[in-house]
Amino acid sequence: MRRVRVYDSMAREVRDFAPIAPPRVGLFVCGLTPYDEAHIGHARTFVFFDIVARALTRWGYRVFSVQNVTNLDDKVIERAAEIGADPLELAERHFLEWAASAERLGIRTVNYYPHATDYIPEILTQIRSLIDRGFAYASEGSVYYEIAKFPRYGELSGQRTEALRPGARIEVDPAKRAPEDFVIWKAATPGEPSWESPWGPGRPGWHIEDTAITLRLFGPRYDLHGGGLDLIFPHHESEIALAEGATWESPLVNYWMHGGMLTMRGEKMSKSLGNVYALSAALDEFGPMVLRFFYMNAHYRSPLDFARGQSFEEAREAYATLAKPADRIAEILERDGPERPGVDLPDDLANEAEGLIDRLDTTLADDFNTRETIALLFGFSRLLSSRLAELESFHGAALEELRAPYAWAESVLGLFVRTPVGRTGAWATIVPVALAARSRARARGDFAEADRIRDALAAAGILLEDHGSETRWSFGTPK
RNA sequence: GCCGAGGUGGCAGAAUGGUUAAUGCGACGGACUGCAGAUCCGUUUCCUGGGGGUUCGAUUCCCUCCCUCGGCUCCA
């Protein structure tokens, strides 16, 4: 099995990946709190873990991927109250919106989206064992985790509890024994969703839903846990304390993977800062390929800055260049079928295409270096672009060989997925008629008429490209 | 203050103890074209935050300082 290297936030270094029970891999990714629309920052993280799952699958692992949905917490309740909606219905609506966007983005590796409120019995069981073992205590109808009882608290984030600033951003709860203790069962407030428990009616705290879910689905230990860098503390730190306190097994997770933040003009994109760009709007404007390409353009752990009016536009140009030969090959094969006659590949192209696949795998297996992977693909695309006219001369199997690196990228990176709305339907008949009229106009020297036709098509989003007597057309966005 | 991640050309953004530091965008020049924001070719040799140290050699390893971002119990 291929050597895969993964940066582990706990070890703070790149380690060889070795699952607990190969070829099975358990992957848990912290999902959304769907109190509002998902934005392009969220999507960065989830596209990345989609690639992780796709790549591990390609390399022979059987990935079970789970992404939780925090469908009830303070934010959800707060927002629901603002707009007079039911909290759980509000959360479900935004979750379904996210699921639709994820589908458009080509995120199809998540096997299950467990919702926090579907795991109340597991949560209560875990709270009970934490109290029994002395890690948690009930106070004023709530239950708190006592951090002082878990000496390894802080290991993941490097935080020492005595160095924390209690109350830096939220008020200290007087029911706690120590300010750093965190709530795992929150006493019900009238009007909020609540469940009966031995400690009175209430609802789960934030961190415990994940450990209740993973304990149920993966057991006390599993392979990969992912999420944004902003979740390391307190969320993931607390998960370790909860799970290892409840099960007495360690480590909960073998590899902690954290994705860098998407920033907007240097600041983290977040709803609370109000600098968000909604995912669905970005998808409408640029389409899934441009977004995926943009995310892959940086290492997943680096901060990635987004500049409106620039970043996606640049990504669109770059992706168009990259995809050009892939599109031409696909068009020829779609037009003539895989049995089309032609000549063999010249040795240089054949060797390049064949050797590339292994280099792509090797590069990506080095801590998911998507940017280097993309650079390799650019080299290949540039080679093919400079010999675009030659493509028409190759037979079907030869073209399939040239398509192989793009097929690799389609299955692993989710790029080069051609939108089905294309040359079929009404455009397929109308555009050739318009092009024929334009050719006649050009032939008789009536360039004003020819340009009118070109402009009219451009206004409809159809771009023309003259190559001698032949004119190709495509859907594109005029500058 | 503490913890963490970063600082690379006009811009975005990789990599490596060692010939010209990827790749893309942009720009410029050329080809093609009736023209073209479309396509191709070429150029973009003066880019690794400051200062020390280790080394034959540092962008890479070590120390220190400066700056940016994230976290410090809402967060992808």
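To find a chain, count down the sequence lines: A is the first, B the second, and so on, and within it residues start at 1. Values reported hereafter were calculated over all heavy atoms of this structure, with side chains retained and with hydrogens, waters and symmetry mates removed. Computed from a predicted model, the values in this text were never measured in an experiment.
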Short N/O separations, protein against nucleotides 59-65 of chain B, under 3.5 angstrom:
none

_Short N-O contact, A/R442 and A/D466, less than 4.0 angstrom_ =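 The answer is yes: the pair qualifies as a salt bridge.
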
What nucleotide among [options] has an atom nearest to a side-chain atom of [X]?
| X | options | value |
| --- | --- | --- |
| A/S385 | B/C40, B/G71, B/A15 | B/C40 |
| A/E372 | B/A15, B/C25, B/G4 | B/A15 |
| A/R442 | B/A76, B/G34, B/G24 | B/G34 |
| A/K176 | B/G24, B/C69, B/U73 | B/U73 |

Is any side-chain N or O of [X] closer than 4.0 Å to OP1 or OP2 of [N]?
| X | N | value |
| --- | --- | --- |
| A/T321 | B/C25 | yes |
| A/S386 | B/C40 | no |
| A/Y145 | B/U73 | no |
| A/R387 | B/C40 | no |
| A/S238 | B/U73 | no |

Distances under 3.5 Å only, N/O to N/O: pair up the protein atoms with those of nucleotides 10-13 of chain B.
| residue | atom | partner | partner atom | Å |
| --- | --- | --- | --- | --- |
| B/C11 | O2' | A/Q310 | NE2 | 2.9 |
| B/G13 | OP1 | A/D305 | N | 3.4 |

*If we require ring centres under 5.5 Å and near-parallel planes under 30°, does A/F233 stack on B/G71?*
no

*asked:* Which residues pass the salt bridge (charged side-chain N to carboxylate O under 4.0 Å, His left out) test with A/D8, not counting sequence neighbours?
replied: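 With sequence neighbours excluded, A/D8 shows a salt bridge (charged side-chain N to carboxylate O under 4.0 Å, His left out) to A/R15, given in chain and number order.
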
[X] and [Y] aromatic centres sub-6.0 Å:
| X | Y | value |
| --- | --- | --- |
| A/F46 | A/W98 | yes |
| A/F95 | A/Y113 | yes |
| A/F218 | A/F64 | yes |

*How are the rings of A/F368 and A/F48 set to each other: parallel, tilted or perpendicular (split at 30° and 60°)?*
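Ring orientation of A/F368 relative to A/F48: perpendicular.
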
[atom1] of [X] versus [atom2] of [N]: gap in Å, rounded?
| X | N | atom1 | atom2 | answer |
| --- | --- | --- | --- | --- |
| A/R359 | B/A15 | CZ | C1' | 15 Å |
| A/I462 | B/A36 | CD1 | P | 23 Å |
| A/D455 | B/A38 | CG | P | 14 Å |

N/O donor-acceptor pair, side chain [X] with base [N], under 3.5 angstrom:
| X | N | result |
| --- | --- | --- |
| A/D446 | B/G34 | no |
| A/D466 | B/C35 | yes |
| A/R454 | B/C35 | yes |

*Out of curiosity, A/L96 CG to A/R93 CZ, how far, rounded to the nearest 0.5 Å?*
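Atom-to-atom, A/L96:CG and A/R93:CZ are 10.0 Å apart.
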
_Side-chain donor/acceptor of A/D367 to backbone N/O of A/V6, under 3.5 Å_ = no

